[in-house]
Number of protein chains: 2
Amino acid sequence: MAPSTTPDTRRRILLTAMELFAAKGYGSTSVSDILSRSQANSGSLYHFFPGKQDVLIGVLEMYRDGIQEMLLDPAWRGVEDPVERVFALLAAYRGMLLESECLYGCPIGSLALEIHEPDPPVRELLAQNFTNWTTAIQGCLNEAGLPGGVDRKGLAEFILTTMEGAVMQARTHREIGYFDRSIEQLRQHMALLTQRALA
Amino acid sequence: MAPSTTPDTRRRILLTAMELFAAKGYGSTSVSDILSRSQANSGSLYHFFPGKQDVLIGVLEMYRDGIQEMLLDPAWRGVEDPVERVFALLAAYRGMLLESECLYGCPIGSLALEIHEPDPPVRELLAQNFTNWTTAIQGCLNEAGLPGGVDRKGLAEFILTTMEGAVMQARTHREIGYFDRSIEQLRQHMALLTQRALA
DNA sequence: GCTTCACTTGAACGATCGTTCAAGCGACCC
DNA sequence: GGGTCGCTTGAACGATCGTTCAAGTGAAGC
């Protein structure tokens with residue numbers, strides 16, 4: 001649609017907001033923060049977005065629509081085994097924690113807990129992001145040779161639960177060990193689930 | 001007013017702030033919110049607290065010092081079995097979710113993820129709250145007849161991880177089922193850990 | 001050349017934020 | 001009675017918030 005020469009202000013604003021929301025949260029990021037970091041003027045922002053919340057909606061849509069390219073593809077590059085892919089994704093979050101000295105983990109989880117009374121479209125997008133995540137994991141679990149009795153959807157949700165809880169503790173203690181130990185427990189759990197059928 | 005009871009403005013401010021921080025978060029709670037709901041004046045608040053952040057510190061200290069009376073004692077009333085106590089505590093969080101139609105879960109977890117760059121005293125208090133929680137759970141696990149090889153500290157942290165992640169998903173989806181399914185996975189995990197030694 | 005229109009510019013707005021402070025109150029000690 | 005002091009009162013402050021808008025730009029269609 002837009003020629004390559006256009007500055008693509010809308011996208012620049014969204015990418016900046018994505019970065020700032022992840023780093024400082026939604027409430028602590030001011031519109032003028034977004035404007036100065038994205039080199040845009042308030043009039044431009046309000047030309048594309050009715051208000052600040054609609055910038056958040058745009059960011060959550062980017063996460064939702066980009067989960068494959070932005071998250072799964074990089075995490076799963078060179079990893080074929082479906083169970084390994086589960087832990088490769090978790091390792092990607094570990095990497096984000098390490099890069100930021102345990103400051104930033106999962107941007108969706110942070111926003112989900114920060115925004116206490118979200119308007120319906122925001123809540124819905126947060127939920128969609130979680131659902132897409134667990135659906136991707138469920139795909140791995142389906143490929144994996146799990147015993148028949150295992151509840152794949154429940155286990156996929158549990159893996160998200162573990163990631164979010166582990167990120168929260170690692171961030172709070174500023175210590176990656178809290179993340180690692182929870183992941184290790186999850187690994188044990190999945191091993192026991194697999195092994196139970198063999199016994 | 002009631003002359004027999006001391007006004008105890010400081011405590012009234014803290015209890016109000018505790019309530020508001022849990023309901024709206026720290027950033028979205030204004031000082032004037034606290035003042036009007038606690039029937040205090042700004043001068044009184046700033047007489048007791050250097051600033052808003054010190055109110056948060058006071059609230060986190062209340063949570064830390066009151067974990068036994070406010071959280072564990074009510075949850076464990078009439079429950080003696082140590083493993084049952086673990087799930088009774090989790091059931092207490094389930095109750096908070098239900099009472100609020102899946103809006104409020106764990107106030108510490110919400111604050112931990114909302115406050116992205118906490119000053120050291122705040123971060124330290126959040127970490128202390130988590131540590132006290134896992135230490136209490138570890139006490140249960142020590143009493144329980146777990147096989148010798150089980151990592152009690154790691155498992156206690158994993159139980160907190162599960163609670164926080166499960167609360168996050170239930171809140172985001174506004175559906176208690178997301179909480180329940182993660183707890184069920186945890187129950188399986190603990191059952192498998194116990195049973196493995198018997199096999 | 002003129003019009004149209006998507007987009008940009010940036011000053012300005014009212015609201016609300018956290019915070020300050022001079023003044024006042026009242027219980028207790030001298 | 002006078003003085004001290006912990007606590008209260010509430011108006012006021014400057015800063016910053018999200019948002020508005022009138023004016024301007026420039027490419028495309030006629």
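Any value given below was found using the heavy atoms of this structure, including those in side chains, with hydrogens, waters and symmetry copies removed. Note that the coordinates shown come from a computational prediction; the quantities given were computed from them, not determined experimentally. Numbers restart at 1 for each chain; the letters A, B, ... are given by sequence-line order, proteins then strands.
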> Which whole-number value in Å describes the distance from B:L35 CG to C:dT19 C1'?
Replying inline: 11 Å
>> By nearest heavy atom, map A:G51 and B:H47 onto DNA chain D; which one lands nearer the 5' end?
In response: B:H47
>> Counting only heavy atoms not in B:R11 (residues, nucleotides, ligands), do more than 12 fall under 6.0 Å from its CZ?
In response: no
> Under the side chain to side chain donor-acceptor pair (under 3.5 Å) test, which residues partner A:N41, sequence neighbours left out?
Replying inline: none
> When you check the phosphate oxygens OP1 and OP2 of C:dT8, does a side-chain N or O of A:T9 lie under 4.0 Å from one of them?
Replying inline: yes
>> How many whole angstroms separate atom CD1 of B:I13 from atom C1' of C:dG18?
In response: 14 Å
>> Using a 6.0 Å cut-off, check whether atom CD of A:Q39 has over 12 heavy atoms from anything other than its own residue.
In response: no
>> Categorize A:S32 for me: base, sugar-phosphate, or nothing, with a 4.0 angstrom heavy-atom threshold over every strand shown.
In response: sugar-phosphate
> In whole Å, what is the span from the NZ atom of A:K24 to the C1' atom of D:dT16?
Replying inline: 12 Å
>> From CG of A:L45 over to C1' of C:dA11, roughly how many Å is that when rounded to an integer?
In response: 17 Å
> Of the candidate nucleotides C:dT19, D:dT19, C:dA6, which contains the atom at the shortest distance from the side chain of B:K52?
Replying inline: C:dT19
> Between D:dT16 and A:S30, is there an OP1 or OP2 to side-chain N/O distance shorter than 4.0 Å?
Replying inline: no
> Just how far, in rounded Å, is C1' of D:dG18 from CG of A:D33?
Replying inline: 12 Å
> Between atom CZ in A:F49 and atom C1' in C:dC7, what is the gap in whole Å?
Replying inline: 14 Å
> If only side-chain N and O atoms of A:N41 are considered, is one of them under 4.0 Å from the OP1 or OP2 phosphate oxygen of C:dG10?
Replying inline: yes
> Do A:V55 and A:L35 belong to the same hydrophobic cluster, where Ile, Leu, Val, Met, Phe, Trp and Tyr are linked whenever their side-chain heavy atoms lie under 4.5 Å apart, directly or via other members?
Replying inline: yes
>> Whether A:Y46 contacts D:dT19 is assessed here as follows: a side-chain N or O lying under 4.0 Å from the phosphate OP1 or OP2. Is that the case?
In response: yes
> What integer distance in Å separates A:I34:CD1 from D:dC17:P?
Replying inline: 11 Å
>> Go nucleotide by nucleotide along DNA chain D from the 5' end; which of A:Q53 and B:S44 gets its closest nucleotide reached first?
In response: B:S44
> B:L56 has an atom CG; how far is it from atom C1' of C:dT19, in whole Å?
Replying inline: 17 Å
>> If you count every heavy atom of other residues, nucleotides or ligands that lies below 6.0 Å from A:E101 atom CD, does the total exceed 12?
In response: no
> Ignoring hydrogens and angles, are the base of D:dT9 and the side chain of B:S42 linked by a donor-acceptor pair under 3.5 Å?
Replying inline: no
> Looking across every strand, which nucleic acid part, if any, lies under 4.0 Å from B:T29 by heavy atom: base, sugar-phosphate, or nothing?
Replying inline: sugar-phosphate
